[in-house]
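Structure record follows, encoded as structure tokens.
In this chain, numbering begins with 1 at the start of the sequence shown. For the numbers below, each heavy atom of this structure counts, side chains included, while hydrogens, waters and symmetry mates do not.
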Amino acid sequence: MTPELTVLALGAIFQMIQIAIAGAVMNKDVGRDFNTGPRDREPEFSPLTGRLRRAVNNMFESLALFTIAVVVVTLSGQSSGVTQGAAWVWLAARLLYFPAYGLGLSPWRSVVWAIGTIATLVILGVSLF
């Protein structure tokens, strides 16, 4: 398995952890019955819960684009030190992004997001050129 694929697997595991953390925090706001129910109404969430839910959604978006980059570089056989390093930078950025967003660290949340996005673009750029 390439290092990029290893990072992709770790990213997916981290996504599951984020979902669990956001769900646990949401339970404190609305109770377990709501969280396990059909969610027919939108309750009032605490600012922390709202930020964590948005961070989870953002990870889905980032993970989708990163997955494309990893698949392209892996299937084209273009894994290199640059793409491997960029993959690890992406994961580090995503690990920092979740707490930065949850804690409302502005503008650092956006800076960390940009670093992860640039890392994904580097992988795509290397595979195209």
Side-chain angles (χ1 to χ4, degrees):
M1 178 165 24
T2 66
E4 296 90 349
L5 287 171
T6 299
V7 172
L8 180 60
L10 292 171
I13 291 168
F14 183 57
Q15 175 70 337
M16 291 181 227
I17 292 168
Q18 287 182 351
I19 292 167
I21 291 169
V25 173
M26 187 168 70
N27 276 344
K28 291 180 182 179
D29 286 352
V30 296
R32 190 177 324 183
D33 289 341
F34 173 82
N35 204 7
T36 59
R39 299 182 187 177
D40 292 332
R41 61 178 175 77
E42 188 71 18
E44 184 71 30
F45 293 116
S46 69
L48 175 61
T49 296
R51 288 191 302 269
L52 292 180
R53 291 182 66 184
R54 290 188 298 277
V56 166
N57 289 337
N58 185 273
M59 180 63 170
F60 277 116
E61 296 166 2
S62 182
L63 192 58
L65 296 172
F66 182 73
T67 299
I68 293 167
V70 169
V71 167
V72 168
V73 80
T74 300
L75 292 180
S76 66
Q78 296 184 62
S79 176
S80 68
V82 171
T83 61
Q84 294 166 19
W88 288 107
V89 167
W90 174 85
L91 183 60
R94 296 314 305 182
L95 290 170
L96 292 172
Y97 182 83
F98 187 67
Y101 203 149
L103 296 171
L105 301 180
S106 182
W108 302 112
R109 161 185 80 87
S110 297
V111 170
V112 172
W113 174 88
I115 291 169
T117 300
I118 290 167
T120 300
L121 288 171
V122 166
I123 297 169
L124 287 169
V126 167
S127 66
L128 291 173
F129 299 104

Under 3.5 Å, which donor-acceptor pairs link side chains of residues 120-129 to any protein atom two or more places apart or in another chain?
{"from": "T120", "atom 1": "OG1", "to": "G116", "atom 2": "O", "distance (Å)": "3.2"}
{"from": "S127", "atom 1": "OG", "to": "I123", "atom 2": "O", "distance (Å)": "3.4"}
{"from": "S127", "atom 1": "OG", "to": "L124", "atom 2": "O", "distance (Å)": "2.7"}

According to a hydrophobic-cluster definition based on side-chain heavy atoms being under 4.5 Å apart (Ile, Leu, Val, Met, Phe, Trp, Tyr only), do [X] and [Y] belong together?
X	Y	value
L105	I115	yes
W108	V89	yes
F66	L95	yes
L75	I68	no

- request: Please assess W90 against L63 for the test side-chain contact (heavy atoms from CB on, under 4.5 Å), listing each intermediate value before the final yes or no.
  value: CA-CA 10 Å; W90 174 85; L63 192 58; 3.6 Å; yes
query: Side chain of S62, backbone of N58: donor and acceptor closer than 3.5 Å?
result: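 No; judged by distance alone, with no hydrogens or angles, the pair does not exist.
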Donor-acceptor under 3.5 Å (R54 side chain, G50 main chain):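 It does hold such a pair.
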query: Of the non-hydrogen atoms in A55 and R94, which two are nearest, and what is the gap between them?
result: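 Taking every non-hydrogen atom into account, O-NH2, 4.3 Å.
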- request: Supply the atom-to-atom distance L91 CG to L96 CG, rounded to the nearest 0.5 angstrom.
  value: 9.5 Å
Could you check whether any side-chain heavy atom of [X] comes within less than 4.5 Å of a side-chain heavy atom of [Y], counting everything from C-beta outward?
X	Y	value
W88	L10	yes
T83	V70	no
R109	F98	no

query: Among all residues two or more places apart in sequence or in another chain, which pass the side-chain contact (heavy atoms from CB on, under 4.5 Å) test with P43?
result: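 For P43, the residues satisfying side-chain contact (heavy atoms from CB on, under 4.5 Å) (neighbours in sequence not counted) are V30, F34, R41, F45.
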message: side-chain contact (heavy atoms from CB on, under 4.5 Å), that's the test. Do L8 and L5 meet it? Break it down for me.
response: CA-CA 5 Å; L8 180 60; L5 287 171; 4.3 Å; yes
- line: Those residues at least two apart in sequence (or on a different chain) that pass side-chain hydrogen bond (donor to acceptor under 3.5 Å, both in side chains) with T2 are E4
- prompt: Who passes side-chain hydrogen bond (donor to acceptor under 3.5 Å, both in side chains) against D29, sequence neighbours left out?
  reply: S46, T49
Sequence neighbours left out, cut at 3.5 Å: what donor-acceptor pairs do the side chains of residues 14-28 make with other protein atoms?
{"from": "Q15", "atom 1": "NE2", "to": "V56", "atom 2": "O", "distance (Å)": "3.4"}
{"from": "N27", "atom 1": "OD1", "to": "N35", "atom 2": "ND2", "distance (Å)": "2.8"}

- request: With sequence neighbours left out, write down each residue that passes salt bridge (charged side-chain N to carboxylate O under 4.0 Å, His left out) with R53, or none if nothing qualifies.
  value: E42
task: Establish, yes or no, whether the cationic atom of R51 lies under 6.0 Å from the six-membered ring centre of Y101 and within 45° of the ring axis.
output: no
